[in-house]
K.L.:
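Have a look at this one before I ask anything.
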Amino acid sequence: MINNLLKILCLEDDVRDAEIIKELMQDAGYEISLDHVSTQKDFVQLLGSKRYDIILSDFSLPGFNAFGALRLSKDLSPETPFICVSGSIGEETAIQLLREGAVDYILKDRLVRLPFAIKRALEEIQEKEIRIKAEFELRESERRFQTLAEVSPVGIFQTDAMGFTTYVNPRWCQISELSYEEAMGNGWIKAVHEDDREKLIKGWVAATNSHQVSYAEYRFVHKDGKIAWVMGQAIPEKNTKNEIIGYVGTITDITDLKRTEEELIKARDKAEEMNRLKSNFLANMSHELRTPLVGIIGLSQVLNEDLPEGDSKRYSKLILDSGIRLKETLNLILDLSKIESETLQLNPEEIEMTEYVSSLVKVFEKTAEAKKIKLKINSDEELLYSNLDKILLNSIINNLLNNAIKYTFKGYVNIDIKKLTEDEKQLVEVSIRDTGIGIAEKNLSIIFEPFRQISEGWNRNFEGTGLGLTIVKEYVNKLDGIITVDSQLGVGSTFKVRFPLTRTKLTDTERISIVQNAAKDLTESIKNVLVKNKNNKPLILYVEDDNVSQKVVETILEKEYRVESSNDCDQVIEMVKTKHYDIILMDINLKDRLSGLDLAKEIKKLKEYLDTPIIAITAYAMVEDKEKMLSGGCTHYLSKPFSRNELLTLLNEIMMTILTRKDL
Ligand code: ADP
């Protein structure tokens, strides 16, 4: 029906009836075009050449009737509804007409029904068209799904509400290597790896009970024993009443992914193992290098002091400097390994920055003087306290000062310590400014990277490991500080480190203890003189298996102490039982029946050695070593290689405490 114009073909031998029909339809509000024919020939001709919305046909026509007209209309225009409009028609005939495809019949004395009959016929045809369209669309969508399922790179499956498989796509069969038939029902479960079945079924049951999407990773075992890893997921399909009618899911082949994952895990394990080996190697290397360094540093120092001016004295100084450099490099490598293995333990304490940094600067005075560089320290009047780990701070300042002096050839190195306020936070800043070679802008970002030096390879102009600034930066970060650098090639560099400021005043207890310490210092120096004057040198037992180390220590201490050495555990036990030693120096790695730690414990069992200081001397300078020694019977700790000063300072400190204790 185009533009609401109803096109009617009316087969009627009575012109008046055709007119009545026309009027009736117009009265009912239809806009119509009605073609009226009365012969079979005209009927066929119009039906073949035009499209009509409805065909109305009288029953009896000259030489022809409604059955004939109905058949012709089914042939020529099968979709057009056919209504028989007749003066009289028997019920059987009417039923027969309906059976053969007429949509209705109307008796002429009830012609008023015609508009309703036409309306219904048109509605039916419309419904039919909609239905056909819907069916077509459904078929199309099924076809589309079928094609998608056929070409899908993931396996697709469908189950009923009980979870029994009702459909799988070709890719599913390819992944599982099961046929369509084998997969149906619960047949697929048989191909799932034994170890995965229970977990898979449990997960599936839990998901179906909770109406949730289920995810699972599991393995299919192929007939030839090969494994295919899959990642499966399924979602419930529901009807209009929200009842689950089944599940649709996919499986994705993740065998390659799993293999890569396994390889990655293996690689990670291997890397961890290598890291463990590296730490072990570092610990051993540290030990192996430290022990001979005791000999090199200690004896060259003794030689240097004893020899008269001349070549030999200069050579001994060169040996000493080389030994110290080797020790420093070793320390840097160990520091980096501590950072990398994340085993660095912090022991923060309040440090007065001006005093502490000044003490560190002092150590560099001689080196700076030798290079004719002025070393100046300026600081605020105030006391500037920060809560920091002394060892880390020491390393930071030493590295920065060392670089400043190393890379400066004329001019000065200035150290400024001051208070700053930034974002309402109080900070203490240590800045180290030099007039050295400076750093080009493009190199500023690489100097904090491990092993990076600006002059690298064969063109290297300066000695060093390229580790100093890496460690400095890591340590500054660990102490919640920040480091900045400002530099100009040929002009100089300024490295600044900032840390949180904790306070700027002394506490009352500190003030009192300063006064007391001043008094104590005085008495201690008096005692020192007394001890020496009496020529009553303290007796030290040195337990050490390395002959060179024994010789070094005996030589260093001969002026102030008497030293007896042994490398044999049983002999040591005899010695301590027969004589009283004031201090025991205990090497830890004795390569004997007992380790130094065990021997220390044995000695501590003797009543008269309960309070005797035992200094653990070890080349194992790795993390936690100190704690291990101190909790294992030793009272002090000295790591190899130690300098003459370090050993003497520690022994003198210990002697002071012993003497003070005796006096009390
Ligand atoms: P290195 O052992 O080589 O001194 P660092 O990590 O301490 O290693 O420093 C890395 C590089 O940064 C140095 O090789 C040097 O080129 C540059 N550098 C560091 N401090 C200074 C400085 N004060 N003046 C000029 N260059 C510096």
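Numbers here are sequence positions counted from 1. Both counts, for ligands and for their atoms, begin at 1 and track the order of listing.
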K.L.:
Does F448 approach ligand 1 within less than 4.0 angstrom via side chain, backbone, both or neither, non-hydrogen atoms only?
P.N.:
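Neither; no heavy atom under 4.0 Å.
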K.L.:
If you look at every heavy atom in A616 and I588, which pair is closest and at what distance?
P.N.:
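That would be CB-CD1, 3.9 Å.
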K.L.:
Are R325 and D321 close enough for a salt bridge, meaning some N to O gap below 4.0 Å?
P.N.:
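The answer is no: the pair does not qualify as a salt bridge.
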K.L.:
List every atom of ligand 1 that sits less than 4.0 Å from any heavy atom of L467, numbering the atoms from 1 in the order shown and giving each element.
P.N.:
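Answer, ordered by atom number: 6 (O), 8 (O).
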K.L.:
Please report whether ligand 1 has a polar contact with T470, defined as an N or O pair separated by less than 3.5 Å (distance criterion only).
P.N.:
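N/O-N/O distance under 3.5 Å: no.
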K.L.:
Quick one: look at N443 and ligand 1, take heavy-atom pairs under 4.0 Å, and tell me if it's side chain, backbone, both or neither.
P.N.:
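For N443, there is no contact with ligand 1 at all, from either part.
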K.L.:
Would you name the heavy atoms of N331 and R290 that are closest together and state the gap between them?
P.N.:
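Closest heavy-atom pair between N331 and R290: OD1-NH2, 2.8 Å.
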K.L.:
Could K473 and F448 be counted as a cation-pi pair, given that NZ or CZ must be under 6.0 Å from the ring centre and within 45° of the axis?
P.N.:
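Judged by the rule (NZ or CZ under 6.0 Å from the ring centre, within 45° of its axis), K473 counts as positioned above F448.
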K.L.:
Of all the atoms in ligand 1, which lie at a distance below 4.0 Å from a heavy atom belonging to K406?
P.N.:
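What qualifies from ligand 1 is 1 (P), 2 (O), 4 (O).
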K.L.:
Pick, from I447, I471, T329, V485, the option with the minimum heavy-atom distance to atom 12 (O) of ligand 1.
P.N.:
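Ranked by closest heavy atom to atom 12 (O) of ligand 1, first place is I447.
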K.L.:
With heavy atoms under 4.0 Å as the rule, classify the contact between L469 and ligand 1 as side chain, backbone, both or neither.
P.N.:
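Looking at L469 and ligand 1, atoms from backbone and side chain both fall under 4.0 Å.
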K.L.:
Check ligand 1 against S493 and write out every atom of the ligand that is under 4.0 Å from a heavy-atom position of the residue.
P.N.:
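Heavy-atom distances to S493 below 4.0 Å select 22 (C), 24 (N), 25 (C).
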K.L.:
Are D269 and K266 ion-paired here, with the side-chain N under 4.0 Å from a carboxylate O?
P.N.:
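No salt bridge links D269 with K266.
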K.L.:
Quick check: closest heavy atoms across N589 and D545, and the distance to 0.1 Å?
P.N.:
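Scanning both residues completely, I find the closest heavy atoms to be O-OD1, 3.6 Å.
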K.L.:
State, with a plain yes or no, whether a side-chain heavy atom of K640 is found less than 4.5 Å away from one of T618.
P.N.:
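No, every pair of side-chain atoms sits at 4.5 Å or beyond.
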K.L.:
N/O to N/O below 3.5 Å, does that happen between G438 and ligand 1?
P.N.:
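By distance alone, the answer is no.
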K.L.:
Which ligand 1 atoms does G468 reach within 4.0 Å, using its non-hydrogen atoms?
P.N.:
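Checking each atom against G468, I get 5 (P), 6 (O), 7 (O).
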